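Okay, structure first, notes after.
Bear in mind that the values here come from a model prediction, so they are computed numbers and not experimental data. When reading the values below, keep in mind they use all heavy atoms of this one structure, side chains included, and skip hydrogens, waters and symmetry mates. In what follows, chains carry the letters A, B, and so on, assigned in the order in which the sequence lines appear, proteins first and then strands, with residues in each chain numbered from 1.
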There are 2 protein chains.
Amino acid sequence: MRTVPARQALLSRPVPWYDGDVRDDARPPATLEHVARAAGVSRATVSRAITGSGPVSADALRRVRAAAEAMGYVADPIARALVSGAGTRVVVAVTGTSDDVLDCEYTARVLMATARVCAPDGLGATVRRLPLGNPLTGLEALARDRTVAGVVLVNTTEAMLAGLPRRLRGRTVSIGTGSADVPSFDVEGAVAATTSVAHLVRSGRRRIAMITGPAWLPCAQHPVAAFRAAAEAAGLPPRTVAGGFDRRSGEEGAEAVLARWPDTDAILASCDEVALGALDVLRRHGRRVPDDVAVVGFDDVLAAELTDLTTATHPVELIATAAARGALEAPVGDGTVLFPSTLVLRRSA
Amino acid sequence: MRTVPARQALLSRPVPWYDGDVRDDARPPATLEHVARAAGVSRATVSRAITGSGPVSADALRRVRAAAEAMGYVADPIARALVSGAGTRVVVAVTGTSDDVLDCEYTARVLMATARVCAPDGLGATVRRLPLGNPLTGLEALARDRTVAGVVLVNTTEAMLAGLPRRLRGRTVSIGTGSADVPSFDVEGAVAATTSVAHLVRSGRRRIAMITGPAWLPCAQHPVAAFRAAAEAAGLPPRTVAGGFDRRSGEEGAEAVLARWPDTDAILASCDEVALGALDVLRRHGRRVPDDVAVVGFDDVLAAELTDLTTATHPVELIATAAARGALEAPVGDGTVLFPSTLVLRRSA
DNA sequence: CTGAAAGCGCTAACAC
DNA sequence: GTGTTAGCGCTTTCAG
């Protein structure tokens with residue numbers, strides 16, 4: 001084996017485009033090597049200068065910066081990821097019973113926000129469903145996956161938080177319930193419910209029923225608890241029926257409400273989709289909205305405006321952006337960050 | 001410099017988890033090296049066996065497969081990307097004048113479909129806006145970006161197709177207009193327009209106006225041409241006003257239509273969003289829909305169902321999925337793939 | 001058919 | 001401070 005001193009090897013190896021005059025188009029991007037040669041220093045020094053991860057003389061720093069600037073040097077995130085084991089994509093992991101959860105507008109918006117956060121760092125975003133019955137197998141697969149830079153949990157359960165694989169700690173966040181290990185980002189759903197009830201009571205409603213979110217979803221219980229508390233505080237019966245987040249459960253929920261409490265004069269829905277289903281059922285039953293029954297949703301999707309639905313806002317983009325950032329950087333404060341929700345008054349309540 | 005025979009070096013280097021009994025959770029994923037040792041062959045052979053990129057004896061193949069299977073080996077996409085220069089993410093590049101294009105439902109759906117295609121390969125997805133005025137600078141940046149595995153163009157212009165950087169060829173596709181270099185995937189917008197006009201004419205409409213899509217967008221011209229042809233074939237005046245894809249241009253377009261041709265009895269919109277804006281204006285002007293004026297949209301978004309809008313379907317997920325696949329694999333046939341659109345009859349026409 | 005060796009572009013010990 | 005040396009996990013000539 002012939003042993004060649006490294007530096008000489010470097011010098012003898014041609015640096016293809018730097019001295020040639022290839023078409024700008026075909027020219028491959030500059031590497032650390034190119035910058036080092038231009039600045040007259042070693043690759044290590046360039047690395048330190050660029051990342052700021054070690055001592056570099058002011059002089060070297062200046063020359064490196066100038067060279068990098070001139071050649072439009074950008075560190076290759078792939079090489080970085082390989083050496084640091086940091087991964088190249090943020091996974092939006094949605095718990096659910098079927099892939100329908102990936103087809104909903106909400107998930108699409110979370111993914112979009114995540115992708116936009118990832119873009120400048122050369123990272124990508126993906127989605128994956130975690131089966132409700134056994135989310136841990138999915139999480140373990142993610143832990144073993146070297147491409148995973150961070151995980152944004154959507155529809156987090158207690159089991160997932162408790163069983164979070166070690167390797168995922170510090171780069172996993174939750175949109176919803178969190179834990180000591182997992183910072184959480186969520187909307188002030190409880191406040192939204194309280195405000196909605198207050199509005200209904202103020203406008204004379206006395207027999208309010210709530211169609212709740214999925215029973216297995218911890219963060220969906222806060223609005224329910226708030227509804228109960230607000231109702232009791234106002235001296236009203238805390239009527240609730242179990243629901244989900246889709247149109248269908250809005251229909252079933254409204255049917256259940258009308259069957260159990262025919263005198264209901266207001267329905268509070270866990271989300272707009274559910275409210276739309278309820279509106280449908282009310283219409284079919286000949287109940288006028290808002291005259292006979294008021295309806296309040298939650299989310300303020302485009303459809304809410306079109307159907308004149310009174311609803312509380314849900315700043316999904318803001319939440320998801322903060323969450324994705326949290327999954328990439330070391331989380332700022334490892335507690336819960338809640339985003340405000342405000343009631344938008346329209347015709348339905 | 002001490003020169004150590006490679007194989008001996010390999011043998012003397014401990015293979016951390018393979019012989020130890022670390023917690024399953026903390027155990028790092030198996031590498032080529034682990035499989036090679038277990039199968040009693042070299043890394044090169046394992047590589048050939050796994051990728052099928054070279055001659056391997058049946059015996060070696062069997063042993064490698066067994067070992068890989070047993071250890072749950074999956075090749076690290078990052079290392080692969082580094083050595084092959086293949087990139088780790090597919091970029092959805094949307095041409096537009098402002099970042100609003102990234103906030104629309106359509107783009108979110110394209111991104112979701114792209115992310116789902118990328119997921120199994122360990123790749124991610126991102127979005128990026130290409131400024132309408134100068135999309136080439138953006139494309140050149142993408143060409144220089146090593147993380148880019150493929151590009152899905154949305155709202156493609158002729159200039160972009162003509163000036164596509166060499167390094168992007170073969171891994172760029174277009175949702176919309178394509179070229180010899182760029183395979184295209186689109187909906188049968190022309191057919192949709194023809195069918196819509198046929199329906200309107202059949203139901204007695206004679207003074208049909210179209211609010212077109214953006215003038216700068218080539219693929220948006222096909223429906224316009226089809227509309228003109230259909231109208232003329234039916235002996236009707238081919239009335240068109242320029243529009244865009246947003247609610248606002250639907251409103252402005254409808255105003256323009258009513259101002260120029262007060263006797264209009266049908267409006268064909270370039271998309272549902274535009275149709276919704278038109279509906280609003282018609283209501284404000286006291287025109288009854290569909291009695292006085294029929295309205296037909298295009299896309300069949302959720303809002304179309306809610307507002308009882310007659311519209312033609314637009315299988316965005318199908319199109320984007322095919323496009324993303326095309327950006328990753330060598331495109332099947334380098335022509336245009338058109339997806340069918342069908343008219344959904346509701347109350348508005 | 002198979003193994004050794006050479007990197008992809010970068011970071012991180014470790015010496016000077 | 002700065003350079004040298006080792007890799008990260010993989011593919012790929014190039015010899016045998």
Using whole Å, report how far [atom1] of [X] lies from [atom2] of [N].
{"X": "A/Asp145", "N": "D/dG9", "atom1": "CG", "atom2": "P", "value": "14 Å"}
{"X": "B/Glu33", "N": "C/dA4", "atom1": "CD", "atom2": "C1'", "value": "13 Å"}
{"X": "B/Ile50", "N": "D/dT11", "atom1": "CD1", "atom2": "P", "value": "9 Å"}
{"X": "B/Arg63", "N": "C/dG3", "atom1": "CZ", "atom2": "P", "value": "8 Å"}
{"X": "B/Leu32", "N": "C/dG3", "atom1": "CG", "atom2": "C1'", "value": "13 Å"}
{"X": "A/Arg37", "N": "D/dG3", "atom1": "CZ", "atom2": "P", "value": "14 Å"}

Can you tell me which nucleotide in [options] comes closest to the side chain of [X]?
{"X": "A/Arg146", "options": "D/dG9, D/dG3, C/dT2", "value": "D/dG9"}
{"X": "A/Arg43", "options": "D/dT11, C/dT2, C/dC10", "value": "C/dC10"}
{"X": "A/Ser57", "options": "D/dT2, C/dT11, C/dG3", "value": "D/dT2"}

Margin query: So, taking the atom named CD1 in A/Ile175 and the one named OG1 in A/Thr156, what distance separates them when rounded to the nearest 0.5 Å?
Written below: 8.5 Å

Check: Can you tell me how far the CG atom of A/Leu164 sits from the CG atom of A/Leu139, to the nearest 0.5 Å?
Finding: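 Separation between the atoms: 6.0 Å.
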
Note to self: Just to verify, which of A/Thr95, A/Asp99, A/Thr107, A/Asn155 counts as forming a side chain to side chain donor-acceptor pair (under 3.5 Å) with A/Arg129?
What the structure shows: A/Asp99

Distance-only donor-acceptor hits, side chain of residues 109-124 of chain B, under 3.5 Å, sequence neighbours excluded:
residue  : atom : partner  : partner atom : Å
B/Arg109 : NE   : B/Glu317 : OE2          : 2.9
B/Arg109 : NH2  : B/Glu317 : OE1          : 2.8
B/Thr114 : OG1  : B/Val110 : O            : 2.8
B/Arg116 : NH1  : A/Asp103 : OD1          : 3.0

Notebook entry, point to check: Reckon A/Thr31 has a side-chain N or O less than 4.0 Å from the OP1 or OP2 of C/dG9?
Noted result: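 For C/dG9, neither OP1 nor OP2 has a side-chain N or O of A/Thr31 closer than 4.0 Å.
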
Check: Is A/Ser47 near enough to C/dT11 that one of its side-chain N or O atoms lies under 4.0 angstrom from OP1 or OP2?
Finding: yes

Next item on the list: Can you sort out the partners of A/Arg63 under salt bridge (Lys or Arg N to Asp or Glu O under 4.0 Å), two or more places apart, ordered by chain and number?
Entry: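 By the salt bridge (Lys or Arg N to Asp or Glu O under 4.0 Å) rule, A/Arg63 matches A/Asp59.
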
Check: Is there a residue in residues 75-88 of chain A whose heavy atoms reach under 4.0 Å of DNA chain D, and which residues are they?
Finding: A/Leu82, A/Val83

Notebook entry, point to check: Within a strict 4.5 Å, meaning less than it, do heavy atoms of the B/Leu153 and B/Thr172 side chains meet?
Noted result: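 Yes, side chains in contact.
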
Next item on the list: Identify the residue among B/Arg169, B/Arg171, B/Arg167 that makes a salt bridge (Lys or Arg N to Asp or Glu O under 4.0 Å) with B/Asp181.
Entry: B/Arg169

